[in-house]
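Side chains included, hydrogens not; waters and symmetry mates left out as well; all remaining heavy atoms used.
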Amino acid sequence: MRAIVLDPDREPVPDLVPDPGLAPDGHVVVRVEAAALNPADLKVVSGSVSGRFLRARTDPLVPGFDFSGVIEACAAGVGDLRITRRVFGHLPYSRANEQGSLADFVVVPADAVAPVSDDVGHRTAAATATTGSTALQGLRDVGRLRPGGRVLVNGASGGVGSHAVQIARLLGAEAVVGTCSAAKMDFVAGLGAEPVDYRRTPLAETPGGPFDVIFDAAAAASYRACRRLLTPDGAYVTTLPGPGLLLDLMWAVFSRRRVGLVVVESRRADLAQLDGWLAEGALRTPIDTTVDRETVAEGLARLASGAVQGKIAVDLS
Ligand SMILES: NC(=O)c1ccc[n+]([C@@H]2O[C@H](COP(=O)([O-])OP(=O)(O)OC[C@H]3O[C@@H](n4cnc5c(N)ncnc54)[C@H](OP(=O)(O)O)[C@@H]3O)[C@@H](O)[C@H]2O)c1
């Protein structure tokens, strides 16, 4: 099958790789129509240590996590999924994952995909899978956001943040404040947040609190730095593990405030919720740029530049 593979210089180039083979029970084969790029792809492509925790080291190595496409084959035990159904999802951030979504096919568990509504395009679905799920699982499950809550999203202009601002509203947040760089203030305001330039206002001085949830989508802060902005039983949720998180967890031990890490999972119910919001126009996935097989390297360079507002989609149709 066709795929994007990393050449010896770790440049992503189109090539041919072996077909995926038969799907085991409970799995479907998806013909990928679109994918999307994430910071995780930058880590995998660069060969960094953190990238080695996100997927297996294979040769050839096909990058990509998000996908949207059409079911090409079903094994036994996939419930109501059928050949030709449009579905989307994302591959796991796991050292056991040997696949990349920048390929003609992926083989995935049936409960890790959800149908894509007719009104939702493959690029939009793919670009929603990881970051929409991260925002939903981070705010609802880790942050335990309740209707009427107040939310601060740190890094509101990125993939996770742009979904988090909107999903906080959809979960009933009364107010959402979003930090970003100066050039992206209008973009963040358009998503439904009160924008704050993080270069001008230190996080600890962000107006609009106290917050029930501080969602550090950019993983650029710490609980220690912003705990005074939280309500007495508020939650600080981050997207990256590390030594700082351990310190945060210890710091919060004697407090009613909580510190949590979201580790995204591709779950049918959450993907279906995201698809429903997209189909009814309640959730928007801002696509900054679409690249194709030949221009994936340019998409990764744009993502690395920090200029992106929202997501970069990859058209593989
Ligand atoms: N734990 C998980 O399961 C999981 C899942 C998905 C993603 N992630 C991680 O979450 C992080 C964000 O992902 P993403 O897709 O949103 O990345 P992205 O699209 O590249 O966005 C990065 C965001 O970080 C903001 N930012 C950069 N420096 C900042 C600072 N000092 N203070 C506040 N904001 C700052 C950027 O704002 P400006 O552009 O306005 O400067 C931008 O909004 C990545 O590290 C990714 O690996 C984790």
When you measure from the side chain of R169 to the backbone of E174, do you find a donor-acceptor pair of N or O atoms at a distance under 3.5 Å?
yes

Could you give me the CA-CA distance, side-chain angles and deciding distance for S266 and L271, then say whether side chain to side chain contact (heavy atoms under 4.5 Å, CB included) is met?
CA-CA 7 Å; S266 195; L271 294 163; 3.6 Å; yes

Of the non-hydrogen atoms in G64 and L91, which two are nearest, and what is the gap between them?
O-CD1, 3.7 Å

Do the side chains of R2 and D15 get close enough for a salt bridge, i.e. N-O under 4.0 angstrom?
no

G51 backbone acceptor or donor facing S48 side chain under 3.5 Å
yes

Would a distance-only check, ignoring hydrogens and angles, find a side-chain to backbone donor-acceptor pair under 3.5 Å from D288 to V308?
no

Which distance, rounded to the nearest 0.5 Å, do you find between the CD of Q273 and the CD1 of I167?
8.5 Å

Only residue of S157, C180, S162 satisfying side-chain contact (heavy atoms from CB on, under 4.5 Å) with L191 is S162

If you measure from the Lys or Arg side-chain nitrogens to the Asp or Glu carboxylate oxygens, is any gap between D104 and R293 under 4.0 Å?
yes

Treating N38 as the side-chain partner and D41 as the backbone partner, does any N or O pair qualify as donor plus acceptor under 3.5 Å?
no

Test your reading of the model: is there a side-chain donor-acceptor pair from H27 to the backbone of D25, 3.5 Å cut-off?
yes

Side-chain ion pair, K184 and D197, N-O less than 4.0 Å
no

Look up atom OG in S133 and atom CD in E265, then write down how far apart they are to the nearest 0.5 Å.
10.0 Å

Can you check side chain to side chain contact (heavy atoms under 4.5 Å, CB included) on F67 and V113, steps first, answer last?
CA-CA 10 Å; F67 62 87; V113 299; 3.7 Å; yes

Steps toward salt bridge (charged side-chain N to carboxylate O under 4.0 Å, His left out) verdict (D248, R224)
CA-CA 6 Å; D248 277 351; R224 285 153 289 145; 2.6 Å; yes

Could you check whether any side-chain N or O of S255 sits under 3.5 Å from a backbone N or O of A252, counting only pairs where one atom can act as donor and the other as acceptor?
no

Is any side-chain heavy atom of V177 closer than 4.5 Å to one of T206?
yes

Please examine the side chains of S181 and R199, heavy atoms only from C-beta on, and report whether any two atoms are closer than 4.5 Å.
yes

Please answer: with hydrophobic residues joined when any side-chain heavy atoms are less than 4.5 Å apart, are V106 and V296 in the same cluster?
yes

Shortest non-hydrogen contact between A103 and M1, atoms and distance:
CB-CE, 3.9 Å

Residue pair R268 / L81, side-chain heavy-atom distance below 4.5 Å
yes

With a 3.5 Å cut-off and no angle check, do the side chains of D315 and T290 form a donor-acceptor pair?
no

Using the side-chain hydrogen bond (donor to acceptor under 3.5 Å, both in side chains) rule, take N154 and Y198 through it: C-alpha gap first, then chi angles, then the decisive distance, then the call.
CA-CA 8 Å; N154 191 37; Y198 63 74; over 6 Å; no

Could you report the tightest heavy-atom contact between G178 and A193, atom names first, then the distance?
N-CB, 3.8 Å

Could you check, using the six-membered ring where one of them is a Trp, whether F65 and Y93 have ring centers closer than 6.0 angstrom?
yes

Are the side chain of S101 and the backbone N or O of D66 linked by a donor-acceptor pair below 3.5 Å?
yes

Same cluster (ILVMFWY, side-chain, under 4.5 Å), V142 and L261
no

With a 4.5 Å cut-off on side-chain heavy-atom distances among I, L, V, M, F, W and Y, is there a chain of contacts connecting V5 to L316?
yes

Would you say Q166's side chain and R284's backbone share a donor-acceptor pair under 3.5 angstrom?
yes

Are the side chains of V213 and L152 in contact, using a 4.5 Å heavy-atom criterion?
no

Within a radius of less than 6.0 Å around CZ of R52, do more than 12 heavy atoms belonging to other residues, nucleotides or ligands occur?
yes

Mind checking the CZ-OG1 spacing from R31 to T84? Nearest 0.5 Å is all I need.
10.0 Å

Would one find more than 12 heavy atoms of other residues, nucleotides or ligands at under 6.0 Å from atom CD of E72?
yes

Any side-chain to backbone donor/acceptor pair from Q99 onto V107? Under 3.5 Å, distance only.
yes

So CZ of R85 and CD1 of I71: to nearest 0.5 Å the spacing works out to 7.0 Å

For a quick check under 3.5 Å, do N97 and S94 share a side-chain donor-acceptor pair by atom type?
no

Please tell me whether D275 and S117 have a donor and an acceptor in their side chains that are separated by less than 3.5 angstrom.
yes

Check for me, please, whether I287 and L278 land in the same ILVMFWY cluster - side-chain distances under 4.5 Å, paths through other members count.
no

Begin with the C-alpha distance, continue with both residues' side-chain angles, and end with the deciding distance and a verdict on side chain to side chain contact (heavy atoms under 4.5 Å, CB included) for R95 and R55.
CA-CA 4 Å; R95 293 176 87 154; R55 57 152 292 151; over 6 Å; no

Residue pair V116 / S68: nearest heavy atoms and the distance that separates them:
CG2-OG, 3.8 Å

Side chains of Y223 and L230: closer than 4.5 Å at any heavy-atom pair?
yes

Check against side chain to side chain contact (heavy atoms under 4.5 Å, CB included), V262 and F215
CA-CA 10 Å; V262 57; F215 187 45; 4.1 Å; yes

Mind listing the closest non-hydrogen atom pair of T239 and A217 along with its distance?
OG1-O, 3.1 Å

How long is the gap from NE2 on H90 to OG1 on T134, to the nearest 0.5 Å?
6.0 Å

D292 side-chain N/O to E294 backbone N/O, donor-acceptor pair under 3.5 Å:
yes

Drop me the distance from L300's CG to R302's CZ, to the nearest 0.5 angstrom.
12.5 Å

For the pair R267 and D141, find out whether any cationic side-chain nitrogen is under 4.0 Å from an anionic carboxylate oxygen.
yes

Quick one: does F211's side chain get under 4.5 Å of V151's, heavy atoms only?
no

Quiz question: by atom type and distance under 3.5 Å, do the side chains of T124 and T285 form a donor-acceptor pair?
no

Is there a chain of hydrophobic side chains (I, L, V, M, F, W, Y, each step under 4.5 Å between heavy atoms) that links V30 to V70?
no

Answer yes or no: is there a side-chain heavy-atom contact under 4.5 Å between W277 and L136?
yes

Evaluate whether atom CZ of R123 has more than 12 neighbouring non-hydrogen atoms of other residues, nucleotides or ligands under 6.0 angstrom away.
no

Between R140 and L171, what is the shortest heavy-atom contact and its length?
CB-CD1, 4.0 Å

